[in-house]
Amino acid sequence: MKEIIINGSPMKCYPLTAAQRLHYYTIKYCPFHQVLCIGTGLYFKQDINFDVLKESIYEAYRRMDSMRLRFVHDNETDSVYQYVVPFEERDIPLIDFSNDSEEHAHNTLRKWTAEPFERYNSPMNKVMMIKLPNGYNGTYLKVDHMTMDSSSIIAFSRDVIEIYCSKMYDFPMPKEMQSYLKAVEKDLEYENNSAAKQKDEEFWKAEIECENEPMYTDFTGMGRLLTQRRESGNPELRSAVITSTTLDASISVYHLEDDASAKLMKFCTENRVPMANLLLMGLRTVLSKFNDDEKDVSIKSCIARRGTLLEKRSGGTRIHFFPLRTIIEPEATFLEALQIIQQEQNKLFRHANYDPIELTMKRSMYRKFAPGASYESINFTYQPLTMKQTSPDVPDIEYKSFWYTNGVAASPLYLTVMHRPEDNGLNFNFEYKKDVVTEHEMEYLYYYLCRVLFRGIEDPNRTVGEILEMI
């Protein structure tokens, strides 16, 4: 912790955490800072008292101190620090799109999402109250990823709605949030050469220096790796670079029907399989299929790091990405393969506090990677929470939620799977760089992903080899 004079007053400032440095690393080498902007909308088909809603937003601001997070550049050390300002009443405008088309409204919100925040000594979020056509009303929230992740966004949005329901319908007030800075202090204690960090370091060192090097598997097939083997003159090359000339990005969403989604959830419940692992099984099997039935497949898996009450309710950004590598023989059954994934995921969970950037740099140096090379072609995250699942006191009112693209992306392909609010079905959100991935290729990937999932759950004793032949 360091005391820095900001606007004439001394402020307690803290170094960035590993999760924040991951995002800071992105903007350090990216000219488009909107890459860290996340825009979301939550709209209810109901008349809303906007005066009460504004009061509820202010109250939620007070309760979640990570919403009042700022960054400062310290000239003395040429480092970035973070601090939390006392509660402030910022403008929360009401924007009326009710007489416009819904397409125009959402296009406008996408445009706003692509406007970056001022980086230092400035608010890192914006909340607006929104009137949409067809009787939908609610809020639009834009945040900077260095201050919030998807868990934080859902927690804040849930808090706003529960406070609103408490004021309007005399429901109980939601429980208080936890201290963001206390969570930061615990993260920084870990980083200060703690015994836990040393243990994690030993684990990741062994993973990096394993004898059998991982194999790159691309979402478009073997072409990229084969080309780079030829160009490098190394026929044994096992890593690849996904080159990109632009950061222009978009999001395509594929909707799995509610009854089909329910079948997947039923399978997970009956077999005690986390949904994330089932989806990872589908994804890694497709990558295997596309890459000559390769047994060794790696995916960059998102770890939320929200295990304790402090972590769950303190806001901020806590996501770390780690390589999930699985080697699955074709003789393994679908269920046995899921158990292998579970074992590998558990390893990640146990060592997930380690700095992902440090891991990436060490792996690159040890394997003598070309700049930008990797074994993973896809980033994956599963977001299980919806407003209905997390807020039993909220009235059963029709609503819908949106995640708006900011127009650019750091990763070639990032798959986020979420539940739809209206029927709990699964949405597959593919964020992709336009010059690396085509929409046809994503449709192809999604089609085969669904084929793997349903061939597997209809007979979990089928072998992976049989499923690969069937699809």
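Start at 1 with the first residue, then count along the sequence.
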Mind checking what makes side-chain hydrogen bond (donor to acceptor under 3.5 Å, both in side chains) contact with [X], not counting sequence neighbours?
X    : value
R119 : D144
S150 : Q383
N75  : H73
E191 : R21

Note to self: Can you tell whether the side chains of K205 and E209 come within less than 4.0 Å, N to carboxylate O?
What the structure shows: yes
Margin query: Salt bridge or not between E202 and K199? Use side-chain N to carboxylate O under 4.0 Å.
Written below: no
Notebook entry, point to check: Who passes salt bridge (charged side-chain N to carboxylate O under 4.0 Å, His left out) against D218, sequence neighbours left out?
Noted result: R224
Check: Between S314 and S179, what is the shortest heavy-atom contact and its length?
Finding: CB-O, 3.6 Å
Side chains of [X] and [Y]: is there a donor and an acceptor less than 3.5 Å apart?
X    : Y    : value
Y382 : H419 : yes
N277 : Q342 : yes
N379 : S411 : yes
Q82  : Y180 : yes
N125 : R90  : yes
E358 : Y354 : yes

Check: Just by modelled atom types, is the M124 backbone N or O under 3.5 Å from a matching donor or acceptor in the R70 side chain?
Finding: no
Check: Do the rings of F369 and Y375 sit parallel, tilted or perpendicular, given the 30° and 60° boundaries?
Finding: perpendicular
Check: Given Y140, which of L132, L109, V127 fulfils the side chain to side chain contact (heavy atoms under 4.5 Å, CB included) condition?
Finding: L109
Next item on the list: Would you please name every residue forming a side-chain contact (heavy atoms from CB on, under 4.5 Å) with T77, sequence neighbours left out?
Entry: K2, D74, S79, Y81
Note to self: Return the OG to CG distance between S56 and L53, rounded to the nearest 0.5 Å.
What the structure shows: 6.0 Å
Check: Pick from F402, W403, Y136: which one makes a ring-ring contact (aromatic ring centres under 6.0 Å, His included) with H106?
Finding: F402
Item checked: Cationic tip of K142 above F117 ring, under 6.0 Å, 45° of axis -> yes
